Every structure is written in C-alpha cells, then in structure tokens.
Amino acid sequence: MSWNVIHDGDGSASRIVLKEHTGSTAEVLFLGGQVVSWKNERREELLFRSNKILWKPPKAFRGGIPISFPQFGTFGSLERHGFARNRVWLLDDSPSPLPAANSQSTVDLILKSTEEDLKIWPHRFEVRLRISLSAGKLTLIPRVRNIDNKPFSFTFSLRNYLSVSDISEVRVEGLETLDYFDNLQRGERYTEQADAITFDSETDRVYLSTPTKTAIIDHEKKRTYVLQKEGMADAVVWNPWDKKAKSLPDLGDEDYKKMLCVDSAAVETPIILKPSEEWRGRQELSTVSSSYCSGQLDPRKVLYG
C-alpha cells in the first residue's frame, strides 16, 4: 500500500497515484486537489471522465471529484464553484490532528490563501484534504481553517462524477420525501414525491438536510455506489441530458448517458468560522454488488443494514 508522484512536462498534470493491496488505485491532481480516477481491483473505472476533455489549466477538467470552495455554484459573488479547483495544491507535511491512516494508502494535500486570492475573497484560510484508498472504498476528508483575524463564511462541495452504464437504468435512494432547490426552476423549493429518483430528462437539484447515507443503484451493472458523508448536510444531483450536454464544450454529446453527479455539499446554510476555528467534513464512496429481488434491486439493506 503506497503512493507516488508522477510529474508531467510543465507540471499542469502532475499527479499522485495511490495503490492498495487488492489492486485498486486512485489518481489525484495537484491542480485543484482533484481526484480524477478511482479503479477497483478489477481495474474498472468507477469515476466518470469526459470523452471530450478540453483541459486548459488552470481550469479544472470535467470528471472525477472536483472541489467547490469557497463557493458552490452561483451561490455567491465569486466565479462559479469558487477558485480552489483552479489552484495548485501542495503536499501537506503536518496533517495533524487527524489520526494516522495505518491500514490505507493515504495522501494529504493543502491549499493556502495567496495574495491574489485575497483580492477576490479577502479572507486568509487553509484547506486541507486527506485522500485515503482502501479495499472497495475511497475516503475524502476536507478541512477548512480560518487563519484570519475576522470570521468568514463559505459554501462547499465534493462533486462526485460517477460512472454508470446507462443513466436511464439508474436510481438514487435515500433522498425521498426531502425538500430540494430546483435549479431548472430558478431555484424554487419543492418536496420530492417519488420513492426514488430516476432520470429521463435534465436534472439539477440541491436536496436539503439529507441523511448520512445515499445509494446510487446501477441496474445494468448490478452495482450500487454507497455515498456516506458527515459535515455536509446537502446533496446535489445533476445530469445534463442531451440538449445541455451538446451545449457544453468539454462534454461529449453522448457522455450524459454514462454519468451521474451526486455531490456531498454544504449549500443552504453556509459554514461560518471564527478566527482559528476549523470545519471538517468526511465522505466515503464504496461499491457493493446488487442483486435482483422481485424485479427490483434491494438498496434498503445498503441504506439501513
């Protein structure tokens, strides 16, 4: 169980490769602290990456797990999704007070505010990110510390681009009965009426006060992604569908069929930090095999044990 750094010519795509004993791997770019690959022990890619990546650093490319900080989406006055995904992160040599991850392949990254950042967001901060890979599981632990002399607030997300076989055959369970903001309806608030979320058109919703565990069931692959999170109360569900996909220059026209974003997010209620305070979140992504039972998959066992 280990990791190593791979450098490219100009440094724009330098990355860390994590490996663990069953054969699973993960890759993390220094640019944006963005996880761009997570493969299981059978070398199957579990994260979606666009077939039409128009990657022009410092812009993040579409896929993997990009980070939104200090702003999610357009919930504020900064550029969409903030600037952390467009900055180069560094290896963190002092990630305490997190406990050592002895049984995992783990790397710690850090992003510190620069003078250029202070011109657009006048708050001094440190963002730390721990990425841990273990058998069947990818864990991300983000932390934000206020190192300024005044309070600040922020919104945050880990956008999980999940690789699926066919979006029409995917359902999300664990978010039923919850309120959500519908970004396709000018952010109007609605209540989820369906017993599971399925997809037959463009979807862009922020589900509020969500549970700690969500199941994303891929019927065709008979595989369920289990998303567990702490410290991020909201969940964003997004798929652009055909018309929107064709309008995005860095997404293939048919890519929407093979992807689904389910984010861990703190959107509705911004996180407020006083000087020297630190916020900590946690996200665990894992996969389990799903089996048919009376014509349906059995995610209840995944969600509730």
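Just so it is clear, the structure is predicted and the values come from calculations on it, not from any experiment.
The shortest distance between side-chain heavy atoms of D263 and L158 does not fall below 4.5 Å. You'll find the side chain of K213 reaches within 4.5 Å of the side chain of V226, heavy atoms only.
F69 is linked by a ring-ring contact (aromatic ring centres under 6.0 Å, His included) to W121, F125, F154, counting only residues two or more places apart in sequence or in another chain.
L285 pairs in a side-chain contact (heavy atoms from CB on, under 4.5 Å) with only one of the listed residues (L162, T139, I216), which is L162.
Separation of atoms CD (E44) and CZ (R223) is listed at 5.5 Å; rounding is to 0.5 Å.
Counting only distance, with no hydrogens or angles, the side chain of S105 and the backbone of S2 share a donor-acceptor pair below 3.5 Å. Under a 3.5 Å cut-off, the side chain of K229 and the backbone N or O of R282 do not form any donor-acceptor pair. Proximity of a side-chain donor or acceptor of H81 to a complementary backbone N or O of G73 within less than 3.5 Å is detected.
Every pair passing salt bridge (Lys or Arg N to Asp or Glu O under 4.0 Å) that includes a residue from residues 132-148 is listed here, sequence neighbours excluded: K137-E284, R143-E278, R145-E278, D148-K150.
Remark: R124 does not engage D117 in a salt bridge, criterion side-chain N to carboxylate O under 4.0 Å. For D166 and K257, the salt-bridge test fails: no basic side-chain N is under 4.0 Å from an acidic carboxylate O. A salt bridge between D253 and K246 is absent, with no side-chain N of the basic residue lying under 4.0 Å from a carboxylate O of the acidic one. Between R205 and E192 a salt bridge is recorded (basic side-chain N to carboxylate O distance below 4.0 Å).
A ring-centre distance under 6.0 Å is found for W279 and F156.
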Derivation of the ring pair (Phe, Tyr, Trp, His ring centres under 6.0 Å) call for Y256 and W241: CA-CA 5 Å; Y256 76 94; W241 218 252; 5.2 Å; yes

